[in-house]
There are 2 protein chains.
Amino acid sequence: MPPSASARPQENTESRVIASALSRGPDGSGTARFLAERERVASRRWTRTTRVPLAELTGWHCAPGAAAFTHESGGFFAVEGLSVHAEGAAVPRWHQPIIHQPEVGILGILAREFDGTLRFLMQLKAEPGNAGGLQLSPTVQATRSNYLGLHRGRPVPYLEHFRNPDPERVLVDVRQSEQGAWFLRKHNRNMVVEATEDVPVLDGFHWLTLGQLEELLFVDDLVNMDTRTVLACLPRCGPPPAGADALAGDAFTAALWRSLDPRQGALHPMRSILSWLTGTRTGTRLTAERVPLTRLPGWERDGERLYHRSGRFFEIVGMRVEAAGREVGGWDQPMLAVAGTGLLALLVTRINGVLHALMHLRPEPGLRDVAELAPTVQCHVDNYDALPRAARPRFLDVVLDADPAGVRFDTRLSDEGGRFDRVGNRHLVIETERLPEPPSHRWMPVHQLGALVDHSGYLNVQARSLLACLHALAAHRPAPTRGGPRP
Amino acid sequence: MPPSASARPQENTESRVIASALSRGPDGSGTARFLAERERVASRRWTRTTRVPLAELTGWHCAPGAAAFTHESGGFFAVEGLSVHAEGAAVPRWHQPIIHQPEVGILGILAREFDGTLRFLMQLKAEPGNAGGLQLSPTVQATRSNYLGLHRGRPVPYLEHFRNPDPERVLVDVRQSEQGAWFLRKHNRNMVVEATEDVPVLDGFHWLTLGQLEELLFVDDLVNMDTRTVLACLPRCGPPPAGADALAGDAFTAALWRSLDPRQGALHPMRSILSWLTGTRTGTRLTAERVPLTRLPGWERDGERLYHRSGRFFEIVGMRVEAAGREVGGWDQPMLAVAGTGLLALLVTRINGVLHALMHLRPEPGLRDVAELAPTVQCHVDNYDALPRAARPRFLDVVLDADPAGVRFDTRLSDEGGRFDRVGNRHLVIETERLPEPPSHRWMPVHQLGALVDHSGYLNVQARSLLACLHALAAHRPAPTRGGPRP
């Protein structure tokens with residue numbers, strides 16, 4: 001409608017995003033070159049971590065008697081206690097530590113068109129908790145403490161593109177939650193902003209097409225959590241472009257492309273999905289109250305660490321970090337550690353030729369609004385030793401017993417390395433028959449997930465991570481399966 | 001897509017809603033008959049109120065020394081204190097009483113198709129604070145205290161249609177906020193559910209088409225606030241049906257119909273609007289902390305009432321209620337009272353032939369997420385005597401000086417009569433030239449408001465009330481103007 005419509009980047013965002021997803025870069029070899037570059041960069045950008053007793057962390061108040069673990073600046077984050085009451089749930093009452101970081105951070109990816117194709121400025125970044133060292137990160141990962149220089153570091157490069165962006169150049173700008181089991185009401189601003197001017201490329205930064213980025217999603221522990229959540233928010237609910245037809249040679253991929261197209265319909269109209277969300281959020285009695293760390297039944301602490309008596313769930317440990325190629329050369333901090341690898345599994349099925357994913361509407365104590373859509377199964381399998389049988393997740397056995405031929409995606413991807421020590425989840429997309437829906441689950445096509453992720457608080461971080469994997473599957477041949485599920 | 005698609009009420013909700021809005025009922029005389037019926041009903045359904053000192057309210061703890069005004073059952077609501085810090089605002093710090101009612105109530109309208117036209121089951125209800133006595137209310141207005149029988153009343157009629165509705169029969173189901181200046185984080189579940197079976201019509205209830213309901217919106221203090229917010233959520237963002245062409249004889253109405261149609265575009269793409277919301281919500285430093293009523297600088301209290309020393313804003317008073325035709329024959333309660341009538345004004349303009357409304361992204365201390373879209377101007381004009389000049393609302397003078405010929409809607413409509421004593425707002429829709437947007441305001445077509453009101457927390461209750469008025473203007477000739485604005 002506006003006279004200058006065609007000159008505005010947002011007008012055809014969805015088709016430009018899909019075109020970038022189908023591009024392997026100018027010479028088609030970007031991914032291999034990038035992986036070689038990563039080896040080279042690793043020698044000058046790294047972190048080394050050593051566990052130290054909590055009580056000995058420099059700059060932190062983590063004494064055994066502390067009511068919360070806090071930084072002496074008052075910034076960064078705190079570890080506090082939470083008392084949870086989930087009326088009617090299999091585990092109706094529990095206590096746990098939780099990370100409290102009330103400020104809204106920015107996760108920003110800068111985009112720019114080169115020869116008609118969108119590319120994204122990614123950073124090879126070493127975070128202390130990263131499995132595998134360098135991971136592919138957004139252009140900017142900055143907390144308010146970062147901007148304000150609370151960590152005594154240098155200014156965050158490229159931050160100026162995200163602080164007051166021209167609204168017409170914004171492709172994504174939405175606050176999204178982080179892990180509701182470990183963070184208290186945390187959310188970050190997920191942004192993609194398009195630059196039209198030349199952008200200098202600093203050491204460790206690289207322009208990649210979405211096709212290259214998504215190919216790298218099939219590599220274990222490479223594309224970091226912050227990148228995945230921002231990518232998931234990129235709009236691409238549209239009919240496939242002409243170029244996608246060749247890709248959709250197999251029935252699965254064809255059903256996935258149809259699933260991106262709102263005109264292909266859905267098992268449940270969006271009004272029913274929204275009503276299901278409203279009903280669950282209204283009817284679930286979940287209260288979470290902050291309490292001192294000294295009042296957490298079941299949890300033990302000493303100068304060393306804070307852990308659950310069962311040995312399950314997670315623990316808070318002390319970490320001493322040495323770093324190269326970052327703003328600060330070294331620091332101490334508490335981190336959250338988990339034994340083993342988590343399991344995030346999305347069951348998918350074709351309904352009238354349109355791929356649908358079985359979404360779980362999952363209450364979590366740290367979420368701002370009771371419950372968000374989660375993968376079909378989201379768990380650490382080992383934890384169920386310590387819990388009543390009724391707490392065992394729905395569909396876990398379907399996942400564990402799945403036919404290897406139905407496994408479409410199977411990659412271990414990391415949680416954020418700034419707070420979590422080598423914590424990661426096996427990401428699985430498994431095609432299955434159409435199973436009946438319990439009240440907690442609904443089959444939804446990808447375009448409905450895309451319509452919801454435009455808004456805050458509908459898809460949890462695990463669901464967004466798997467949504468990024470679904471997008472990657474649309475533009476790439478499924479990776480060869482590596483045997484059956486092995487959670 | 002599903003085989004039974006055509007049998008599902010939701011499939012063509014938008015066109016059925018518009019068809020009902022264009023219907024004057026089976027014999028075209030429904031409105032006049034309804035107003036006559038109202039006179040008749042008024043003799044047996046009424047409330048009488050007497051102001052009594054707060055300290056004498058039966059069942060309530062409202063002593064001058066109380067930290068909060070509470071009911072002895074622990075139910076209903078409480079009046080608490082709030083300490084607000086709005087960094088950088090014209091009034092950066094203030095204290096006020098606020099109503100705290102943490103439970104989510106149901107505002108539900110039952111719909112049913114008669115001879116192919118949707119009709120809505122409305123109730124003539126007397127609330128103690130209603131201006132003009134009986135107002136047109138949703139089928140059900142129920143708090144959780146109502147369901148649980150805390151008020152010792154009879155069961156709420158028709159409630160069973162809303163407690164576990166068939167998702168396929170749900171036309172609206174979304175939680176929406178109430179006044180963010182007077183309620184602490186309150187929201188209600190706004191619902192429209194379609195019945196397919198016969199529904200007995202109890203005394204005081206009436207089936208009305210949307211066209212009849214919207215005609216009644218032009219009558220002062222008749223359609224209550226709860227009805228207006230639910231009606232605003234009814235989906236009708238579609239192209240006008242053939243029957244609407246005749247109505248759109250004047251350029252204003254034609255521009256309004258185009259404004260309902262997403263294909264007509266918008267000044268700002270939705271991504272820019274969402275980014276503006278995200279930026280404001282992230283960047284606004286607004287904190288509201290609950291404090292005892294005994295610690296409210298500027299507020300005076302005695303056994304009689306709680307009021308601001310300036311005589312402005314609002315006061316909390318005690319009310320003794322006698323009622324006929326309700327579940328309970330009488331009770332006492334505190335109420336919020338305001339001197340004079342508030343002003344809710346929406347400036348609208350035609351941009352490329354599409355009507356756009358100038359929305360204000362307005363922070364309020366009681367909202368769950370910092371700021372929601374509000375009318376262009378939302379204020380009590382008298383309050384500005386007691387505030388700094390910079391606090392005077394943007395565009396207030398444009399409204400006060402508006403050309404009477406541009407006034408398209410001008411009706412006084414009430415706030416909710418269960419908590420507010422004869423509080424109401426003059427609702428104005430004023431057509432104007434295209435004024436420049438300050439950072440706090442954006443011109444938006446009605447279809448963008450419709451897309452946002454499907455979700456919680458985007459449009460505040462005042463904006464939803466005016467959205468219902470805009471819908472009414474599309475299907476009805478503008479009422480004759482009654483002279484210029486007279487706030």
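As the structure is a prediction and not an experimental result, all values here were calculated from the model. Below, chains carry the letters A, B, ... as their sequence lines are ordered, and counting in each starts from 1. Note: hydrogens, waters and symmetry copies are ignored here, and every other heavy atom, side chains too, is used.
Of the atoms belonging to B:Asp369, it is side-chain heavy atoms, and not backbone ones, that fall under 4.5 Å from chain A. Within the 4.5 angstrom heavy-atom criterion, only side-chain atoms of B:Arg189, from C-beta onward, approach chain A. Using a 4.5 Å cut-off between heavy atoms, B:Arg285 contacts chain A through its side chain alone, with no backbone atom that close.
Remark: the A:His161 side chain and the A:Glu194 side chain contain no N/O donor-acceptor pair separated by less than 3.5 Å. For the residue pair A:Asn190 / A:Gln176, no side-chain donor-acceptor distance below 3.5 Å is found, with atom types taken as modelled. Side chains of A:Thr143 and A:Gln101: a donor-acceptor N/O pair is absent below 3.5 angstrom, by distance only. Side chain to side chain, A:Arg175 and B:Thr278 fail the donor-acceptor criterion of an N or O pair below 3.5 Å.
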